[in-house]
Each structure stands twice: as structure tokens, then as C-alpha cells.
Amino acid sequence: MNFYAHKLFTLAILVCVSFPLFGQGSGSLRGTVLDSTTADVLPGATISIVGKTTGTITNTNGEFLIMNIPEGDYEFMVSFIGYQPKNFK
């Protein structure tokens, strides 16, 4: 049985959210997706905004960037094969 298929999806996500101080009303979400147990990067993990069609996939270094996010409060979901999805705000 595959250990990772039964492992809970617990990630350490390093995130920087930036919204402009003046004006345009949009920002970006940038971060790195890591396995919280091993600290291995997770290339190909999916990051999406819950309830929206906006999202992206991490690069080979586990890094991602979602740009032009309208100002507001959002819930994000991270998913990766073999892990349970994880939501964060």
C-alpha cells in the first residue's frame, strides 16, 4: 500500500499576499508548497481560489504565483496527488 496515498495532506505553505496601498484594488498570492513532514517541495501542486476559476500549479521548485486577484477575503485550496486537499485563508 502506498504510504503517501494514505497520508493526510498537511502542507507548510509559505505565502506572501500583496495588495497595493493605493488604488487598483487587486493583488497577488505568492508562495511555496512543502510537505510539512519532510519539507520536500511539491512540484505540480494545484492552488486555487475556492468558488472561483482562478488558480495555478506549482513549478519544479514548489513555487507559485497568482496575479490580479481582486481585493477581498478569499479561501484558497491546495491539492496534490496522494494528499488530502488543504484549505487556508
Side-chain angles (χ1 to χ4, degrees):
M1 215 171 245
N2 186 344
F3 172 76
Y4 291 105
H6 298 288
K7 183 177 176 182
L8 289 177
F9 187 61
T10 55
L11 294 177
I13 302 173
L14 309 172
V15 177
C16 175
V17 179
S18 85
F19 288 102
L21 292 175
F22 303 103
Q24 285 119 359
S26 68
S28 61
L29 177 72
R30 174 189 307 263
T32 303
V33 179
L34 307 168
D35 181 293
S36 64
T37 303
T38 65
D40 291 338
V41 297
L42 297 177
T46 301
I47 299 86
S48 58
I49 301 174
V50 175
K52 304 285 184 186
T53 58
T54 305
T56 192
I57 297 174
T58 59
N59 65 16
T60 57
N61 297 318
E63 302 166 335
F64 68 90
L65 171 64
I66 303 174
M67 297 176 61
N68 300 320
I69 303 171
E71 193 170 350
D73 294 325
Y74 296 98
E75 183 174 359
F76 298 90
M77 181 174 71
V78 179
S79 59
F80 189 71
I81 296 172
Y83 292 78
Q84 294 292 324
K86 174 116 178 143
N87 288 18
F88 65 97
K89 289 189 177 201

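Quick caveat, the model's predicted, so the values are computed rather than measured. Throughout, numbering of the chain's residues begins at 1 and tracks the sequence. Only heavy atoms go into these numbers, but all of them, side chains included; no hydrogens, no water, no symmetry mates.
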* Quick one: OG on Ser28 to CD1 on Ile69, what's the gap to the nearest 0.5 Å? -> 6.5 Å
* To do: Answer yes or no: is there a donor N or O on one side and an acceptor on the other, between the side chain of Asn59 and the main chain of Asn61, under 3.5 Å?
  => yes
* **Gap separating the CG atom of Leu42 from the CG atom of Leu34, nearest 0.5 angstrom** => 7.0 Å
* Structure fact -> Separation between OH (Tyr83) and CG (Asp35), nearest 0.5 Å, reads 3.5 Å
* To do: Identify which one of Ile49, Leu29, Thr54, Val50 satisfies the side-chain contact (heavy atoms from CB on, under 4.5 Å) criterion when paired with Tyr74.
  => Ile49
* To do: Return the minimal non-hydrogen interatomic distance between Pro85 and Met77, and the atom names on each side.
  => CB-SD, 4.0 Å
* Would a distance-only check, ignoring hydrogens and angles, find a side-chain to backbone donor-acceptor pair under 3.5 Å from Thr58 to Ala45? -> yes
* **Nearest heavy-atom neighbours spanning Pro43 and Thr60** => CB-CA, 3.7 Å
* Criterion side-chain contact (heavy atoms from CB on, under 4.5 Å) against Phe64, the qualifying member of Thr32, Val33, Thr46 -> Val33
